[in-house]
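Working notes for the structure below.
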Amino acid sequence: MGFRHESKAGRAAAAAGFLTDRPGVCLTVSVPGFPNGLVALAEATTDCFPVVQISGSGERHIVGLKQGDYEDLDQLAAAKPFMKADYRVVRAEGIGQGVASPGYSEQEIAAMHEKRVVVSHD
């Protein structure tokens with residue numbers, strides 16, 4: 001479903017998470033979309049609604065240690081207070097592993113992806 005503003009998309013994802021008891025997903029672009037979605041992520045955290053926010057970033061070779069290149073916003077640090085886990089994935093294929101693998105480091109997820117390891121939480 002599409003929305004005209006990222007905060008509305010995040011609130012809809014939070015509502016879906018609450019109603020289904022499965023994490024709702026909010027997909028945003030980097031700045032300014034990321035901080036707009038972050039508002040809804042903060043509210044979902046306060047309300048204990050399961051939400052996953054996936055945001056764009058600059059190209060990997062220009063992304064410094066935990067820092068994006070657009071408007072110099074450190075997205076991971078900004079979202080840290082509202083998250084159980086955070087991941088920076090190199091390729092789109094790694095998003096699924098990041099979402100399915102809470103608690104693993106980026107390097108562990110990358111290694112699992114390279115080896116095509118599937119992680120299940122039964």
Side-chain angles (χ1 to χ4, degrees):
M1 188 174 278
F3 292 87
R4 293 183 185 263
H5 198 272
E6 295 85 357
S7 65
K8 303 288 187 207
R11 288 183 180 105
F18 172 74
L19 293 172
T20 64
D21 205 26
R22 298 178 63 190
V25 177
C26 177
L27 179 63
T28 64
V29 297
S30 58
V31 177
F34 169 76
N36 291 338
L38 191 60
V39 172
L41 184 64
E43 292 170 354
T45 300
T46 301
D47 295 333
C48 299
F49 294 173
V51 174
V52 173
Q53 181 174 348
I54 301 171
S55 294
S57 182
E59 294 181 37
R60 185 68 178 138
H61 70 277
I62 31 183
V63 174
L65 288 174
K66 305 243 180 200
Q67 184 172 342
D69 68 323
Y70 185 67
E71 294 187 14
D72 294 326
L73 176 67
D74 185 346
Q75 294 178 336
L76 293 178
K80 194 77 142 165
F82 314 112
M83 300 184 300
K84 274 187 162 180
D86 60 350
Y87 303 102
R88 186 183 311 274
V89 295
V90 179
R91 296 183 307 244
E93 296 85 11
I95 293 172
Q97 285 290 340
V99 171
S101 308
Y104 293 107
S105 71
E106 176 187 351
Q107 292 79 16
E108 290 169 320
I109 292 170
M112 283 187 262
H113 182 71
E114 291 300 320
K115 295 177 184 176
R116 306 288 189 247
V117 174
V118 176
V119 178
S120 68
H121 299 281
D122 294 327

Spatial distance of atom [atom1] ([X]) from atom [atom2] ([Y]) [nearest 0.5 Å]:
X   : Y   : atom1 : atom2 : result
L41 : M83 : CG    : CE    : 7.5 Å
R11 : D47 : CZ    : CG    : 10.5 Å
Q53 : F82 : CD    : CZ    : 10.5 Å
F49 : L19 : CZ    : CG    : 8.0 Å

- Indicate whether any N or O donor in one side chain lies under 3.5 Å from an N or O acceptor in the other, for S55 and T28.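 Judged by distance alone, the side chains do pair up.
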
- Might you point out which heavy atoms bring P81 and A78 nearest each other, and give the distance in Å?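 Smallest interatomic distance, heavy atoms only, reads CD-O, 3.6 Å.
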
- Indicate the atoms forming the closest heavy-atom contact of S30 with G56, along with that distance.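 Scanning both residues, the minimum pair turns out to be CB-O, 3.3 Å.
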
- Item | Side-chain touch E6/V39, heavy atoms, less than 4.5 angstrom |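 Counting from C-beta outward, E6 and V39 never come under 4.5 Å.
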
